[in-house]
Amino acid sequence: MRFIPDLLHMQDGTAVTAENWTLRRAELIDVLRREEYGYAPPAPDGVRGEVTAVDRKCACGKGAIEDITLRFDTPKGEYAFPFQYAYPTDGKAHPTFLFINFRKGVYDKYVDVDSLIEQGFAVADVCYKDVSSDDGDLTNGICGMFDRPDDGTGYGKITMWAYAMSRILDYLAQRPQTDMRYIASVGHSRLGKTSLWCAAQDERIGLAVSNDSGCAGAAYERIKRPEGETVKAITKNFPYWFCENYKKYVDRAEDMPFDQHFLLAAIAPRRVAVGSASEDLWADPYGEQLSCVGASAAWHLLGKKGFVGRSEPMTVGEQSMGDISYQLRDGIHYLGRPDWRFYCECFREFIKENP
Ligand code: GTR
């Protein structure tokens, strides 16, 4: 087996303990910022939400969906982007999914908003392209609102999509319908990478959901099936998702001072749910499962169980529920009902363990 960077030693070689975990976590985040995703700008002092429309006829009249414009100040003036907020209208605070999606709106093939409301969940839903385009233009949307350093560590798109999710959370914290103790970030594929990266940095997120996030998401780079996407492929097709430094590791995975288990571990002791799909070999299901195994050391250190599944490849349909939960769902690269069923179950487990 190849050498995998060690979670449990600080950069200076000191052993990591439960006491200095906070420092180690900061190191993990820092190396991921510097070498992979780029540094985010500082958070604004505050955000303002303007509700522009409300639809009360959803989930049989038991839920509402608001269109909201979120505004905040940046060094280059006010920035605004839209998102939707759907919640049960029973006057209570609800566990909330913070969902970043490919398309606008909660009525979408990747989410069943009525079902989530019926189960007592709220959902904030943002279309990633409303934050910044998915291309090499680093001047539009939120990306254009800051001076991006050109030393190799300037933010890529994933960092800024994640930044926008955190700004939505700033706003949700002002809403009585949101139970801030119970926030789950969710995204599929490139947005699964975004969900994990957002949760790694934002401790208000109690459960990070990664659906088919693959390369630069949940999947190890060093241990990979031959069909799996690599740093070489991803930085060729989507260089702008990352900081420039990430390209240094094309064909040089062994030189990376991190691997993707650092991303999962930076979420400890909070919870993670990783979903893979059996036919999604590009995202490398087994590489995703193995990085869950590798990241587990962080939870063990903190007196938790971490990943409780096997290290042999799971069979199709198998699930394991722990601090890091994992499911290998039958089918293609997709965010569907069996995925959400599992994530809702993981969310309920998290709530049960943290009353
Ligand atoms: C692929 C990309 C993957 C994954 C996917 C997606 O083309 O190579 O890393 O993120 O797109 O976002 O659907």
Side-chain angles (χ1 to χ4, degrees), residues 18 21-22 25-26 28-29 43 83 85-88 92-100 111 116-117 119-126 161-188 191-211 213 217-218 261-275 292 295-296 298-308 319-327 339-355:
W21 170 249
T22 311
R25 175 172 168 263
L28 301 179
I29 292 172
F83 74 98
Y85 180 39
Y87 52 86
K92 295 188 185 143
H94 294 275
T96 301
F97 283 108
L98 176 58
F99 178 42
I100 185 157
V111 59
L116 293 176
I117 288 175
Q119 295 176 71
F121 296 114
V123 196
D125 174 301
V126 61
W161 294 325
Y163 181 86
M165 291 172 81
S166 286
R167 301 294 69 79
I168 293 175
L169 211 37
D170 296 343
Y171 171 75
L172 293 179
Q174 306 167 17
R175 294 287 305 251
Q177 294 91 344
T178 317
D179 190 336
M180 288 298 289
R181 295 173 301 163
Y182 306 127
I183 302 292
S185 62
V186 187
H188 167 60
L191 302 174
K193 311 181 211 297
T194 304
S195 166
L196 290 173
W197 182 224
C198 181
Q201 300 172 90
D202 193 328
E203 292 184 281
R204 295 172 296 181
I205 295 167
L207 168 67
V209 174
S210 150
N211 193 73
S213 64
H261 63 316
F262 277 29
L263 177 63
L264 302 179
I267 300 165
R270 293 167 289 137
R271 285 187 165 234
V272 182
V274 172
C292 296
S296 211
W299 277 265
H300 295 163
L301 180 81
L302 299 167
K304 303 200 129 205
K305 294 198 190 100
F307 177 74
V308 297
Q319 302 177 338
S320 96
M321 186 75 75
D323 301 299
I324 310 176
S325 299
Y326 179 86
Q327 167 172 262
D339 303 305
W340 279 102
R341 269 199 294 278
F342 182 58
Y343 304 140
C344 288
E345 203 47 50
C346 294
F347 209 174
R348 279 188 281 267
E349 278 291 312
F350 161 62
I351 293 165
K352 206 163 76 192
E353 289 235 321
N354 297 277

Start with the C-alpha gap between Ser325 and Gln319, add the side-chain angles, then the distance that decides, and say whether side-chain contact (heavy atoms from CB on, under 4.5 Å) holds. CA-CA 7 Å; Ser325 299; Gln319 302 177 338; over 6 Å; no
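- For an aromatic pair to be called close, the ring centres must be under 6.0 Å apart, and Phe347 with Phe121 satisfies this.
- Look at Asp170 and Arg204 and you find a salt bridge, because one of the NZ, NE, NH1 or NH2 atoms lies within 4.0 Å of a carboxylate O, short of that distance.
- A salt bridge between Arg348 and Glu353 is absent, with no side-chain N of the basic residue lying under 4.0 Å from a carboxylate O of the acidic one.
- The distance from the CG atom of Leu98 to the OG1 atom of Thr178 is 10.0 Å, given to the nearest 0.5 Å.
- Centroid-to-centroid, the aromatic rings of Phe307 and Trp299 stay 6.0 Å apart or farther.
- Here Tyr85 and Tyr87 bring their ring centres to under 6.0 angstrom of each other.
- Taking the six-membered ring for Trp and the full ring otherwise, Tyr163 and Trp197 have centroids separated by 6.0 Å or more.
- In this structure the side chain of Leu301 reaches within 4.5 angstrom of the side chain of Trp21, judged on heavy atoms.
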Starting from the C-alpha separation in whole Å, work towards a yes-or-no answer on side-chain contact (heavy atoms from CB on, under 4.5 Å) for Ser195 and Ser213. CA-CA 9 Å; Ser195 166; Ser213 64; over 6 Å; no
Does the side-chain contact (heavy atoms from CB on, under 4.5 Å) test come out yes or no for Leu169 and Ile205, once each step is laid out? CA-CA 9 Å; Leu169 211 37; Ile205 295 167; 3.7 Å; yes
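- Residues Gln327 and Glu345 form no side-chain contact, since every pair of their non-hydrogen atoms from C-beta on lies 4.5 Å or further apart.
- To the nearest 0.5 Å, atoms CZ (Arg271) and CG (Asp323) are separated by 5.0 Å.
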